[in-house]
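Structure first, commentary second.
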Amino acid sequence: PSSEDQRYIQLATDAWANKQGLPSADEALAGQQIEVSHLDGETCVSFVMIPPGVGGEPTYCYERGTSNLTRKMDDVE
């Protein structure tokens, strides 16, 4: 990932760890891989379960060029 993408990955990872009540990003990412997409001025970071894991894919989207969270879809199990 680019250095700009890395910034959004870190923001999203921190948000996901906080949502789960976990003290570290490493714990939040266990069993998941990161996917970054760029859509209409946003950079979105999704956490995809690595098979055979099951569950939804939390996604955090940020306004490109800023740290402003524009959307989050993290009500997943």
Side-chain angles (χ1 to χ4, degrees):
S2 71
S3 60
E4 184 178 12
D5 285 350
Q6 286 290 357
R7 178 172 66 150
Y8 297 115
I9 290 169
Q10 188 61 56
L11 288 167
T13 301
D14 291 345
W16 182 231
N18 186 56
K19 164 85 176 174
Q20 295 182 88
L22 297 172
S24 78
D26 288 340
E27 289 182 68
L29 294 178
Q32 298 178 329
Q33 66 183 23
I34 298 168
E35 291 185 359
V36 178
S37 57
H38 302 277
L39 310 162
D40 298 327
E42 291 181 320
T43 297
C44 297
V45 179
S46 299
F47 302 107
V48 181
M49 294 297 293
I50 298 170
V54 294
E57 297 178 7
T59 301
Y60 296 86
C61 297
Y62 298 89
E63 180 180 29
R64 199 167 305 148
T66 74
S67 299
N68 296 333
L69 181 66
T70 56
R71 294 184 290 146
K72 67 177 178 176
M73 293 139 298
D74 64 356
D75 193 19
V76 297
E77 293 187 24

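All heavy atoms count here, side chains included; hydrogens, waters and symmetry mates do not. Residue numbers count from 1 along this sequence.
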Under the side chain to side chain donor-acceptor pair (under 3.5 Å) test, residues paired with Arg71 that sit two or more places apart
Glu42
Partners of Ser37 by side chain to side chain donor-acceptor pair (under 3.5 Å), sequence neighbours excluded?
none
May I ask whether Leu69 and Ile34 are part of the same hydrophobic cluster, defined by side-chain heavy atoms of I, L, V, M, F, W, Y residues being less than 4.5 angstrom apart, directly or through others?
yes
Should Val48 and Tyr8 be counted in the same cluster of Ile, Leu, Val, Met, Phe, Trp and Tyr side chains packed under 4.5 Å apart?
no
Salt bridge (Lys or Arg N to Asp or Glu O under 4.0 Å): pairs with one or both residues in residues 23-40, sequence neighbours excluded:
none
Quiz: residues 53-61 side-chain donor-acceptor pairs under 3.5 angstrom, not counting sequence neighbours:
{"residue": "Thr59", "atom": "OG1", "partner": "Ser46", "partner atom": "OG", "Å": "2.8"}
{"residue": "Thr59", "atom": "OG1", "partner": "Glu57", "partner atom": "O", "Å": "3.4"}
{"residue": "Tyr60", "atom": "OH", "partner": "Asp74", "partner atom": "OD2", "Å": "2.8"}

Using the rule given for side chain to side chain contact (heavy atoms under 4.5 Å, CB included), can you reason through Phe47 versus Leu29, listing the C-alpha separation, both sets of side-chain angles and the distance that settles it, and then say yes or no?
CA-CA 8 Å; Phe47 302 107; Leu29 294 178; 3.3 Å; yes
Acceptor/donor pairs from residues 10-18 side chains to any protein atom, 3.5 angstrom cut, sequence neighbours excluded:
{"residue": "Gln10", "atom": "NE2", "partner": "Asp14", "partner atom": "OD1", "Å": "2.8"}
{"residue": "Gln10", "atom": "NE2", "partner": "Asp14", "partner atom": "OD2", "Å": "3.4"}
{"residue": "Thr13", "atom": "OG1", "partner": "Ile9", "partner atom": "O", "Å": "2.7"}
{"residue": "Trp16", "atom": "NE1", "partner": "Ala28", "partner atom": "O", "Å": "3.4"}
{"residue": "Trp16", "atom": "NE1", "partner": "Gln32", "partner atom": "OE1", "Å": "3.4"}

Cys44 SG to Arg64 CZ distance, which is reported to the nearest 0.5 Å:
9.0 Å
Stepwise side chain to side chain contact (heavy atoms under 4.5 Å, CB included) test for Arg7 and Thr43
CA-CA 10 Å; Arg7 178 172 66 150; Thr43 297; over 6 Å; no
